[in-house]
Trainee: 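I am attaching a structure below and will ask some questions about it afterwards.
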Amino acid sequence: MGIYVNENENTFLLTNDEISYLFRIMENGQLEQLYYGKQINYTGHFQRFVERSYRSVSVGEFTGDLVTSLESIKQEYPSFGGGDFREAAFEVELENGSHVMEFKYAGYEIRAGKHKIPDLPATFVNDPGDASTLQIKMKDDLTQTELLLNYTIFEKYPVIARAASIHNDGGQTLMLKRMMSASCDLPDCDYEFVHLSGAWGRERHLYRTPLRPGIQAVGSTRGSSSHIHNPFLLLARKTTTEHTGEAYSMSLVYSGNFLGQVEVDPYRISRIMMGIHPSKFNWVLPPGGAFHTPEAILVYSDQGFHKMSQAYHRLYNHHLIRGKYAGRERPIVINNWEGTYFDFNEEKILTMAEQASKLGVELFVLDDGWFGKRNTDTTSLGDWFVNEEKLPNGLGHLSKKINALGMKFGLWFEPEMTNGDSHIMREHPEWVVGTPHRQRKQGRHQYVLDFSQPEVVDYVFSLMDQILSSANIEYIKWDMNRCISEAYSCGLSAKAQGEFFHRYILGVYKLYDKLIQKYPDILFESCASGGGRFDPGMLYYAPQTWTSDDSDGIERLKIQYGTSYVYPISSMGSHVSSIPNHQVGRMTPLDTRANVAYFGTFGYELDPCALEQQEIEQIRKQIAYCKKHRRLMATGDFYRLLSPFEGNETAWMVVDEKKEKAVVGWYQVLSEPNEAYKRVKLTGLEEAAIYYIEELDSAYSGSELMYMGITLTPKINEVMDFNILDKRDFSSKLFTLVKIDR
Ligand code: GLA
């Protein structure tokens, strides 16, 4: 790994065994992108990567030179207004109303490790040798503004982390209108645009469409990263598959409004960029002021989607997720939400807990409804005081009782919200987001607290702190159940209203920071009406995220498959819920529900007292199975085998680092008459090794399992049994492999 600067050529090269990223200082002092992709060897002749051609209507950089035009040059961090008519990464308004800046190269710095980004989540190194950082300094002489571009290359991964900051060293107030975390011009446009999009209950489905000229984008202006689009984009060759072909991707370590876009220009260059959404973003930069962007993680894969996902999984597991649970197996949860909704009391909860503990559950999570007068979703958010009608002996008593059953106790909060009927709304209406003299619209009967005001964050912290110090609470589910409308803060001047959305999310991060500092051992699970804020920013604070409110095993195939493009399965909250499923009414069999949920942070979302004896026995076995294999699930490599977006079958597997253990899940949505022979081909195993498959009570070579596959068709003498047992919709099989001596 290294960062090489060639002062004769004015080039900067970041390279490791996997990737190279090359740019240079142009004659006008700006930066030109030269190469990004598979690792290339340093020859000292990178000048020949520079491409120039005469374009008749372009604006030239130098008087009399019609060839050097920013319009057709691949740029590194393009700014607005200087002859490049594509969308810029960056735009500032000066006091005189002009928008043109001329940032010119002004120096560089290289350091081991990487910088922290003030107040924002970001990847980190565990050891300075894990990564190297190049910081390029650019300067606009007229305004005395400095732009710092940070590039971190990780030693072991095909990853470059990018972020930028701007520092106003001049005398005038600047208005920052747009500042992306990263922008990169790729030399052609023969790609397909892949993104993770959806809605509540069907988050992060996979979409793949050919690029066309012009702009295509994903984004959010809802105040959260959202169910609709995930802060991730990917360009893949038409021929790219799971294990072959090129893939360029960006993932944003941020939980607020974002934009990820691709612009294909007339010369077939694809400009990809990602960062805070510029819509309604205006940041006042007074003299002496600075602004830091969130971090974008660029992954290049020359071997398809798997290699890309593996880079994200490893990076996020080892260099983003923090705390006691990072890289560790998670407790098996039971959450009472779908079991009781708001209708519970201490006795009911303790009966559920008792039953759950007998099943082997390790953590009881008391969901919404334990506070204020919260018997419906119309009241009490913000009233973080125990509901004594439901829990007359308080949370301290309840947690003790649950601990005595051998389980940890966890609690639901929705810290960012309040209802019309709450003490905050009565006492501090100015703490609630809303535009003056206009209706504040409700979402799920609730309003958003103005987390851009530090006193609101401090106040919510004090309420949560009282609860957390009153009982042994070892897990928090942090929910967020509405988008932000009528965005406006009483705490900001008229001119600074464009700072609201970013300041809001900084307030959310601040509250997480305060809680983690005081309660470092609490396991946080983030949630936003299910998976509405499943992003890398949240993972920095909460090692797991409730993947979706849709917990039907069949629906989860697409949701978890799509989510796995970026996020490790150890970060995906995935529970078995009751049937008929509360979101889709489906009667998915219990084994299939668990066979899907094992590939995540496992748990149950039901009333254990309503189970039949046969279900109880099955669940006991499921929990025992999970305990046996969850270390593998938390730390192994995840492979996608068959895509739910392409057919009736889905398959995936997890293999440990030493390739000695693996678990494979295979799922079939609808049963088929007179079906074709079926096999599932595994991957990631050692060819010559012998693996014993528990469920088949047989041994196979790794090569047989990978190239012939596991035969799913019944053996001849089992035809009848197979037909009777397995002819059903929503079926699944689990295969547990262990390497044995020959
Ligand atoms: C959201 C969450 C659910 C549950 C409810 C409680 O919808 O996604 O899991 O916690 O809120 O109101």
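Numbering of ligands and ligand atoms starts at 1, following listing order. Predicted model, so just to flag it, every value in this text is computed and none were measured.
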Trainee: Would you please indicate if the ring centroids of His502 and Tyr254 are separated by under 6.0 Å?
Mentor: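 So the answer is yes for these two rings.
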Trainee: Got a sec, which residues hit salt bridge (charged side-chain N to carboxylate O under 4.0 Å, His left out) with Asp479, two or more places apart in sequence or on another chain?
Mentor: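 Partners of Asp479 by the salt bridge (charged side-chain N to carboxylate O under 4.0 Å, His left out) criterion come out as none, since no residue qualifies.
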Trainee: Looking at residues at least two apart in the chain, or sitting in another chain, which of them share a side chain to side chain contact (heavy atoms under 4.5 Å, CB included) with Lys408?
Mentor: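 Testing Lys408 for side chain to side chain contact (heavy atoms under 4.5 Å, CB included), a comparison that skips the adjacent residues, returns Tyr325, Leu363, Glu474.
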Trainee: With no hydrogens and no angle check, is any side-chain donor or acceptor of Arg631 less than 3.5 Å from a backbone partner on Glu329?
Mentor: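 Here the side-chain-to-backbone pair does not exist.
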Trainee: Asp549: what forms a salt bridge (charged side-chain N to carboxylate O under 4.0 Å, His left out) with it, not counting sequence neighbours?
Mentor: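 Result, salt bridge (charged side-chain N to carboxylate O under 4.0 Å, His left out) vs Asp549: none returned.
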Trainee: Kindly tell me which protein residues have any non-hydrogen atom under 4.0 angstrom away from an atom of ligand 1, grouped by chain and ordered by number?
Mentor: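 Residues Trp337, Asp367, Asp368, Trp412, Arg444, Lys477, Asp479, Asn481, Cys527, Ser529, Gly530, Trp546, Asp549 each place a heavy atom under 4.0 Å from ligand 1, listed by chain and number.
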Trainee: Quick check: Tyr541 with Phe524 (ring centres under 6.0 Å apart)?
Mentor: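 Distance test on ring centres: not under 6.0 Å, no.
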